[in-house]
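Positions are given from 1, in the same order as the sequence printed here.
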Amino acid sequence: MRRDGRPAAPRAWSQEPAAQTVRPAEPRPRTEYAPTQTPQPYVDPQRRRPAPPAAPPPRTGRPATGQPPEPPRPPRRRRRWGKRIGLVPLILVVLMVGSVLYLDRSLNRIDALADYPDRIGDTPGTNWLLVGSDSREGLTADQDREFAAGGAIEGKRTDTIIVVHVPESGAATMVSIPRDSYVDIPGWGRDKINAAFSIDGGGPQLLAQTVEEATGLHLDHYAEIGFGGFAGIVDALGGVHLCVPYPIDDPLAGINLQAGCQDLTGPEALGFVRSRATPLADLDRMNNQRLFMSAMLEKATSLGTILNPFRLWSLVTDTAGSLEVDEGDHLWNLASLAWAMRGDLVTTTVPVGGFEDVPGSGNVLLWDREKATRFFDALANDEPVPSDLVAN
């Protein structure tokens, strides 16, 4: 009904509001037990790690053009430069050892230090017998003229006899033994010491025995060199710088040297150590030999030689091919000798007592027996030679 009292207009059925039907709630079935539950570990939501990102699809190297994808490339091998560089020192050591063994086999060996009855027993320290012979073996005609060797001369004699004593500690001592020293030669009687080297049936063995019995020193090593070998070693070094004490003009030795410091070639060095065209003749020659040996060893063991592979190789090969050594000697023994002589080296000669003319032997040199005994006793006991016995 309307407010004015008139009845409301009738409405169509579709205008009537839908009646809401309220259904009573169905009763839930009663169960005797609660449903089974699976316990889950507690995870703090603030510490939960995010899931790892999905792996990207493999790279094929080609755009998606409908073609089949390329197979994956194999992984590159890393270059092991560290291992390769580490092999270099090993290769160098192998080459060095191989070279030393090869050169050691090229040494010319002779039986120089043979045993004999009542031989002097071993003495402390190390004793070398160094011999310079006038052997012309292997010289060409040009070398004979260059060295003033005097043509083909059979056999060989010794112009240089040096004993080097290397102590267990301290400076080495280089002793020149005059070739005209009048001594007992076993089985031959008294004669010049160089006769032991040149007489029939003599040679290195008899010379070594003569030196041992005259000095009382037991010889441990032996080395001998001839004309050509000596000059070749000097040239392999590129010459030797030497201060010549006085002018020497000696056609027989093939030299004409002025006094003063200069570089000597192989032939000049050979003439310098051979010449007796000086006031004191053989005594001056021994002094010159020791002077030159010191200069040569200083250069041979210098850094300029050791760090120069071409010069060092030439020096070692020439030395190995030029020397004659005892059967028990090796290249490393020679290197040890050179190293021992490179530092403070005492150079002297046997105490001289005078000269005398002897029938059958000519003019000979006599040792001062009292001083010579003290001299060699000191070396035999591995002690320094008394200063009053060292000849300058």
Side-chain angles (χ1 to χ4, degrees), residues 110 112 128-139 143-144 146-164 174-183 185 191-199 202-208 210-211 214 222-234 240 242 244 248-255 257 264 266-297 322-325 347-350 352 355 361-365 367 391:
I110 58 176
W128 281 81
L129 178 60
L130 307 181
V131 176
S133 75
D134 63 356
S135 172
R136 277 79 167 169
E137 185 178 354
L139 293 184
Q143 287 176 322
D144 185 83
E146 188 177 19
F147 300 156
I153 300 178
E154 295 183 0
K156 57 183 180 180
R157 287 141 295 278
T158 174
D159 289 330
T160 305
I161 304 173
I162 295 175
V163 172
V164 178
M174 181 167 60
V175 184
S176 294
I177 298 180
R179 69 172 191 170
D180 293 337
S181 298
Y182 197 55
V183 297
I185 298 178
D191 203 342
K192 293 180 179 179
I193 194 171
N194 67 338
F197 190 79
S198 58
I199 59 179
Q205 282 190 13
L206 185 56
L207 177 62
T210 302
V211 170
Y222 176 90
E224 176 188 332
I225 192 168
F227 279 6
F230 181 86
I233 291 175
V234 175
V240 173
L242 182 73
V244 180
I248 304 176
D249 184 7
D250 186 0
L252 295 178
I255 56 171
L257 300 176
L264 299 187
E268 291 172 339
L270 179 62
F272 178 74
V273 299
R274 288 178 57 206
S275 177
R276 290 190 291 174
T278 58
L280 297 180
D282 206 42
L283 296 180
D284 281 338
R285 177 167 67 173
M286 290 188 299
N287 291 334
N288 292 341
Q289 290 169 353
R290 297 195 304 271
L291 179 65
F292 184 81
M293 283 283 291
S294 298
M296 183 174 68
L297 287 170
S322 303
L323 290 177
E324 288 187 340
V325 298
T347 62
T348 184
T349 188
V350 178
V352 176
F355 297 87
S361 298
N363 187 262
V364 299
L365 182 145
W367 292 2

For Leu291, give me all partners under side-chain contact (heavy atoms from CB on, under 4.5 Å), at least two apart in sequence or on another chain. Leu242, Pro245, Phe272

Does any non-hydrogen side-chain atom of Leu264 lie less than 4.5 Å from one of Val234? no

Using the side-chain contact (heavy atoms from CB on, under 4.5 Å) criterion, which residues pair with Asp250? Sequence neighbours excluded. Ile248, Leu252, Ala253, Ile255, Ser275, Ala277

Main-chain N/O of Leu206 paired with Thr210 side-chain donor or acceptor, under 3.5 Å: yes

Taking all atoms of both residues into account, what is the closest heavy-atom pair of Ser322 and Ile225, and its distance? O-CG1, 4.0 Å

Min side-chain heavy-atom separation Thr158-Ser198 under 4.5 Å: no

Shortest non-hydrogen separation from Asp282 to Arg276 and the atoms involved: OD1-CD, 3.7 Å

I want to know whether Phe230 and Phe292 have ring centres closer than 6.0 Å. yes

Across all chains, not counting sequence neighbours, the side-chain hydrogen bond (donor to acceptor under 3.5 Å, both in side chains) partners of Thr160 are Gln289

Trp367 and Ala214: which non-hydrogen atoms are nearest, and at how many Å? CZ3-O, 3.7 Å

I'd like to check Ile110 versus Gln205 (side-chain heavy atoms, cut-off strictly below 4.5 Å). Are they in contact? no

Side chains of Val163 and Trp128 in contact at under 4.5 Å (non-hydrogen atoms): no

The reported gap from CG in Asn287 to CG in Leu280 (rounded to nearest 0.5 angstrom) is 8.0 Å

Between Lys192 and Tyr182, the two heavy atoms sitting closest are N-CD1, 4.2 Å

Let me see the working for Leu257 and Asp249 under side chain to side chain contact (heavy atoms under 4.5 Å, CB included), right down to the final yes or no. CA-CA 6 Å; Leu257 300 176; Asp249 184 7; over 6 Å; no

Evaluate side chain to side chain contact (heavy atoms under 4.5 Å, CB included) for Glu324 paired with Ser133, printing each intermediate quantity in order. CA-CA 11 Å; Glu324 288 187 340; Ser133 75; over 6 Å; no

Run Ile162 and Ile177 through side chain to side chain contact (heavy atoms under 4.5 Å, CB included) and show every step you take. CA-CA 6 Å; Ile162 295 175; Ile177 298 180; over 6 Å; no

Test item: Thr278 and Arg285 side chains (from C-beta on) under 4.5 Å apart, heavy atoms: no

Between Thr347 and Ser294, which heavy-atom pair has the shortest distance, and what is it? CG2-OG, 4.0 Å

Any side-chain heavy atom of Thr348 sitting closer than 4.5 Å to one from Ser176? no

Are a donor atom and an acceptor atom from the side chains of Ser361 and Asp191 found within less than 3.5 Å of each other? yes

Check whether any side-chain heavy atom of Asn288 sits under 4.5 Å from a side-chain heavy atom of Val273, and report yes or no. no

Which of Val350, Val175, Leu129 passes side chain to side chain contact (heavy atoms under 4.5 Å, CB included) with Ile161? It is Leu129

Measure the shortest side-chain to side-chain distance between Phe197 and Glu224 over non-hydrogen atoms and say whether it is less than 4.5 angstrom. yes

